[in-house]
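Before any comments, here is the structure.
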Amino acid sequence: MDSLDPERHLHPSCPGKKTISSDSSEMNELVEQPLQGLKLASHVVLEKAQQRGRLKCSKCGGSRMFFCYTCCSLVGVSQEEIPSIKLPLKIDIIKHPNETDGKSTAVHAKILAPSDVTIYTYPCIPEFERDRVVLVFPGPGSVTMQDMMQTLHVKTDTAQDCPDEPFPKRLKREETPGATHVAQDQGSKTSDEPKSSESRVCPLERVVFIDSTWNQTNRIITDERLQALLQVELKMRKTCFWRHQKGKPETYLATIEAIYYFLKDYHEQCLTQEYHGEYDNLLFFYTYLHSLITKAKTSAGKL
């Protein structure tokens with residue numbers, strides 16, 4: 001099936017080994033092996049659909065298996081048979097116009113969390129309330145997940161104090177006030193000092209992802225409508241994607257991987273809640289396709 005052949009790698013990370021981030025103040029961290037211990041719905045429905053083979057999409061007539069990547073609709077599988085996920089944030093995906101639909105994992109998110117995920121084809125970009133939205137993308141001005149909330153609170157406070165003034169230029173990680181010392185300094189704050197970001201209302205409402213091969217991202221990321229957004233970089237993950245782009249590191253994630261890892265880290269680090277697999281089913285299709293391709297490669301002696 002065409003959807004087994006996506007070329008989507010965007011966001012840096014690194015699991016399965018001890019990793020040192022680009023910031024020397026961060027400690028080495030042992031990150032879990034990817035796709036292990038996930039709480040997933042049964043894949044029996046997909047196994048049965050695979051046995052039946054391809055079917056025509058009722059909307060566009062294309063030959064598809066499991067879902068139509070053009071129409072973002074299920075094929076040969078009913079909505080009741082697959083997991084439905086409620087996300088804590090709205091997800092906006094900006095897709096490159098030249099990207100092949102069948103090579104995108106973004107459709108997984110739209111099908112599994114339809115009320116919280118919207119896919120736009122560039123140059124269509126919605127208007128954002130920029131102090132409540134972040135863009136997940138690596139870059140010189142990107143901050144880590146740990147620093148994201150602190151930076152958003154700074155932007156929100158600035159907007160409230162100076163509503164008629166433009167936002168100041170986005171601070172780099174090392175320039176963000178208190179960015180690397182939030183946790184350590186909490187105990188030393190006096191009653192007159194502002195509350196920590198963890199005790200304040202979360203200002204984040206939406207997260208933007210770019211759905212494109214790495215070589216095509218420049219056209220979108222340089223768009224002035226996205227330049228005002230705070231950029232967040234995922235540093236501690238490694239892709240499991242089955243078609244790796246030559247010359248690119250393993251830390252460039254598939255779009256669905258980036259969405260999943262962002263929400264998981266957000267749940268643990270920003271909401272400060274223990275994670276119990278709430279968003280694991282975002283990888284429902286991804287893990288099944290991964291297992292199919294791994295078996296095929298093993299049988300062909302390529303693994």
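Not measured: the values here are computed from a predicted model.
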Over all atoms of both residues, closest heavy-atom pair of Pro203 and His153
CD-CE1, 3.5 Å
Quick one: does Val134's side chain get under 4.5 Å of Tyr266's, heavy atoms only?
no
Looking only at atom types and distance, does a side-chain atom of Thr100 sit under 3.5 Å from a main-chain N or O of Gly102, one as donor and one as acceptor?
no
Cys72 and Ile119: CA distance, side-chain angles, deciding distance, side-chain contact (heavy atoms from CB on, under 4.5 Å) verdict:
CA-CA 10 Å; Cys72 292; Ile119 300 177; 4.2 Å; yes
Anything under 30° is parallel, anything over 60° is perpendicular, the rest tilted; go ahead and classify Tyr275 against Tyr279.
tilted
Verify, without hydrogens or angle tests, whether Gln227 (side chain) and Ile221 (backbone) share a donor-acceptor contact under 3.5 angstrom.
yes
Can you name the residues that form a side chain to side chain contact (heavy atoms under 4.5 Å, CB included) with Asn281, not counting sequence neighbours?
Leu40, Ala41, Pro83, Ile85, Phe284
dist Thr287:OG1 -> Leu292:CG (nearest 0.5 Å) comes out at 10.0 Å
To the nearest 0.5 Å, atom CD of Glu278 lies from atom NZ of Lys39 at 7.5 Å
Inter-residue atom distance Ile94.CD1 - Arg225.CZ, 0.5 Å rounding:
8.5 Å
Short side-chain to backbone donor-acceptor contact, Gln231 and Phe137, under 3.5 Å:
yes
Check the hydrophobic clustering (I, L, V, M, F, W, Y; side-chain heavy atoms under 4.5 Å; chains of links allowed) and say if Leu55 and Leu289 are grouped together.
no
Counting distance only, does the side-chain N/O of Arg52 pair as donor-acceptor with the main-chain N or O of Gly76 below 3.5 Å?
yes
If only atom types and distance count, is the side chain of Lys90 paired as donor or acceptor with the main-chain N or O of Ser115 below 3.5 Å?
yes
Crowded around Glu129 CD? As in, over 12 foreign heavy atoms under 6.0 Å?
yes
Is Phe262 close to Phe209 at the side-chain level, that is, under 4.5 Å between some pair of heavy atoms?
yes
When you measure from the side chain of Thr105 to the backbone N and O of Ile256, does any donor-acceptor pair fall under 3.5 Å?
yes
At their closest point, which heavy atom of Met145 faces which heavy atom of Val232, and how far apart are they?
N-CG1, 4.2 Å
Worked verdict on Leu204 versus Leu89 for side-chain contact (heavy atoms from CB on, under 4.5 Å):
CA-CA 8 Å; Leu204 186 61; Leu89 301 164; 3.7 Å; yes
How far apart are the closest heavy atoms of Val77 and Ala49, and which atoms are they?
CG2-CB, 3.9 Å
Should Asp101 and Lys95 be marked as a side-chain contact (heavy atoms from CB on, under 4.5 Å) after you check the CA-CA gap, both sets of side-chain angles, and the distance that decides it?
CA-CA 9 Å; Asp101 290 336; Lys95 179 180 175 295; 3.0 Å; yes
Ignoring hydrogens and angles, tell me if any N or O in the side chain of His267 forms a donor-acceptor pair with the backbone of Thr272 under 3.5 Å.
no
To the nearest 0.5 Å, how far apart are CG in Asp92 and OH in Tyr120?
4.5 Å
Taking Val117's backbone N and O only, do any of them form a donor-acceptor pair with Lys110's side chain (distance below 3.5 Å, no angle check)?
yes
Quick one: does any side-chain atom of Ser291 pair with a main-chain N or O of Tyr288 as donor and acceptor, under 3.5 Å?
yes
Are a donor atom and an acceptor atom from the side chains of Arg64 and Thr70 found within less than 3.5 Å of each other?
yes
Output the distance between atom CG (Asp223) and atom CG (Asn218), rounded to the nearest 0.5 Å.
11.0 Å
How close do Ala106 and Ile93 get, counting heavy atoms only, and between which atoms?
CB-CD1, 3.8 Å
Do you know which two heavy atoms are closest between Ile259 and Ala109, and how far apart they sit?
CD1-CB, 4.0 Å
Could you go through Lys103 and Tyr69, starting from their C-alpha distance and side-chain angles, then the distance that decides it, and tell me whether this counts as side-chain contact (heavy atoms from CB on, under 4.5 Å)?
CA-CA 9 Å; Lys103 293 184 177 182; Tyr69 42 76; over 6 Å; no
Report yes if some heavy atom in the side chain of Val207 is under 4.5 Å from a heavy atom in the side chain of Leu263; otherwise report no.
no
Val75-Ile82 co-clustered via ILVMFWY side chain contacts under 4.5 Å
no
Cys270 and Met148: which non-hydrogen atoms are nearest, and at how many Å?
SG-CE, 3.7 Å
Partners meeting salt bridge (Lys or Arg N to Asp or Glu O under 4.0 Å) with Asp280 (sequence neighbours left out)
none
With rounding to the nearest 0.5 angstrom, report the CD1 to CZ distance, Ile210 to Arg219.
12.0 Å
